[in-house]
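Structure first, then comments.
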Amino acid sequence: MISLAELKTYLKITDVSQDDQLNQAIDLAKGFVASYVWYSLVLNTTTVAEFCWETNQFYLKRKGINSVSLIEYYEDEFNPAYISYNVTTDRRENLELGYIKTRDYIWPFVKITYSFGYTDWTCPQDLKTANLEIASSYYKRQWAISMNDMNSESVDGDTISFKAISWSISESSLSILDNYIYYDFSA
């Protein structure tokens, strides 16, 4: 959801010597966000929601739905041969709310394949800001760990003691992530 170039700009890094550590920090931030909100916000074009009732209204329970690519159903539980429903002409949708309504009632077993999540270009600004802060915190921890090996230095009888440095994720970033949490485990 953030690029290497964006993180380098955020941290004011201009050379390429730290790119491996920065990429690792981006990956750690993605993992943190996914574990915090209980699902990955990174773009997935093949997310599947399954429904087991007769209806013409489907709620996909996710924010950030980009498109619906396939609606399939089968009518006989002993013969699960999926039939494709025409996804281009016969439906109304409000993907921002995760809502799809078909003209016909489809039942009883429905599978909807949709695109969900964000890329570097489609990520909302608040989520991008939280990801930048989290990734920078992980990056700073990498070199703070190596500094912990040296707590003080003595030169010609003079001693300098270094303060222990610790970076943590801010409350503002966590409150941004709170807006993306879902406690429901379906679809």
Side-chain angles (χ1 to χ4, degrees), residues 1-50 59-69 95-99 112-155 158-187:
M1 292 179 291
I2 59 172
S3 68
L4 176 62
E6 289 172 322
L7 184 57
K8 288 174 81 168
T9 301
Y10 184 79
L11 292 170
K12 297 176 179 63
I13 296 174
T14 56
D15 64 356
V16 296
S17 65
Q18 300 297 313
D19 284 1
D20 289 340
Q21 289 87 352
L22 292 168
N23 281 320
Q24 185 179 23
I26 290 170
D27 290 341
L28 290 168
K30 285 179 191 175
F32 175 83
V33 170
S35 67
Y36 189 85
V37 301
W38 296 26
Y39 62 97
S40 176
L41 292 169
V42 177
L43 179 65
N44 181 348
T45 58
T46 58
T47 305
V48 175
E50 295 184 359
Y59 182 62
L60 300 175
K61 300 182 182 179
R62 290 282 189 248
K63 294 181 182 177
I65 295 171
N66 303 311
S67 65
V68 173
S69 60
L95 294 180
E96 186 175 308
L97 300 174
Y99 176 76
I112 299 176
T113 304
Y114 60 98
S115 172
F116 163 77
Y118 306 105
T119 65
D120 301 347
W121 300 279
T122 62
C123 187
Q125 190 58 46
D126 65 337
L127 187 57
K128 187 176 286 283
T129 301
N131 271 280
L132 287 168
E133 192 266 330
I134 293 165
S136 68
S137 179
Y138 276 112
Y139 170 73
K140 291 173 184 176
R141 283 185 201 162
Q142 290 173 358
W143 59 268
I145 290 170
S146 65
M147 285 181 59
N148 283 338
D149 295 339
M150 182 174 70
N151 292 326
S152 65
E153 181 72 25
S154 295
V155 177
D158 292 326
T159 302
I160 298 173
S161 296
F162 299 104
K163 180 181 176 185
I165 300 172
S166 113
W167 281 277
S168 62
I169 298 166
S170 71
E171 287 297 318
S172 62
S173 288
L174 294 177
S175 68
I176 289 169
L177 295 181
D178 287 343
N179 295 325
Y180 294 89
I181 292 177
Y182 280 103
Y183 297 102
D184 192 329
F185 293 99
S186 72

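Keep in mind that what you see is a predicted model, and the values were worked out from it rather than measured.
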Stepwise side-chain hydrogen bond (donor to acceptor under 3.5 Å, both in side chains) test for Asn44 and Thr46: CA-CA 6 Å; Asn44 181 348; Thr46 58; 3.2 Å; yes
Can a donor-acceptor pair be found, under 3.5 Å and without considering hydrogens, that links the side chain of [X] to the backbone of [Y]?
X      : Y      : result
Lys128 : Asp120 : yes
Ser137 : Glu133 : no
Ser115 : Ser67  : no
Ser173 : Ser170 : no
Lys30  : Leu41  : no

Nearest heavy-atom pair of [X] and [Y]: which atoms, and what distance?
X      : Y      : result
Ala130 : Leu177 : CB-CD2, 4.5 Å
Val33  : Met1   : CG1-CE, 4.4 Å
Cys123 : Tyr118 : CA-CB, 3.8 Å
Ala34  : Ser40  : CB-CA, 4.0 Å
Tyr114 : Val48  : CE2-C, 4.4 Å
Asp15  : Ile13  : OD1-CG2, 3.5 Å

Pairs meeting criterion ring pair (Phe, Tyr, Trp, His ring centres under 6.0 Å) with involvement of residues 13-32, two or more places apart: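 Of all non-adjacent pairs touching residues 13-32, those that pass ring pair (Phe, Tyr, Trp, His ring centres under 6.0 Å) are Phe32-Tyr36.
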Gap between atom [atom2] of [Y] and atom [atom1] of [X] - 0.5 Å precision:
X      : Y      : atom1 : atom2 : result
Ile169 : Arg141 : CD1   : CZ    : 5.5 Å
Ile26  : Leu4   : CD1   : CG    : 5.0 Å
Ile112 : Thr47  : CD1   : OG1   : 12.0 Å
Leu132 : Leu127 : CG    : CG    : 10.0 Å

Test side chain to side chain contact (heavy atoms under 4.5 Å, CB included) applied to Leu43 and Asn66, step by step: CA-CA 9 Å; Leu43 179 65; Asn66 303 311; 3.2 Å; yes
Contact check, side chains of Gln24 and Tyr138, non-hydrogen atoms, under 4.5 Å: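 Not touching, per the 4.5 Å side-chain cut-off.
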Worked check of side chain to side chain contact (heavy atoms under 4.5 Å, CB included) between Leu174 and Glu171: CA-CA 5 Å; Leu174 294 177; Glu171 287 297 318; 4.1 Å; yes
Donor + acceptor pair across side chains of Thr129, Asn131 (<3.5 Å):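 There is no such pair (donor and acceptor under 3.5 Å, judged by atom type) between the side chains of Thr129 and Asn131.
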Flag for Tyr180-Asp126: side-chain donor and acceptor within less than 3.5 Å: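 A pair is found: one side chain offers a donor N or O, the other an acceptor, under 3.5 Å apart.
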With sequence neighbours excluded, residues passing side chain to side chain contact (heavy atoms under 4.5 Å, CB included) with Gln18: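 Applying side chain to side chain contact (heavy atoms under 4.5 Å, CB included) to Gln18 gives Gln21, Leu22, Tyr139.
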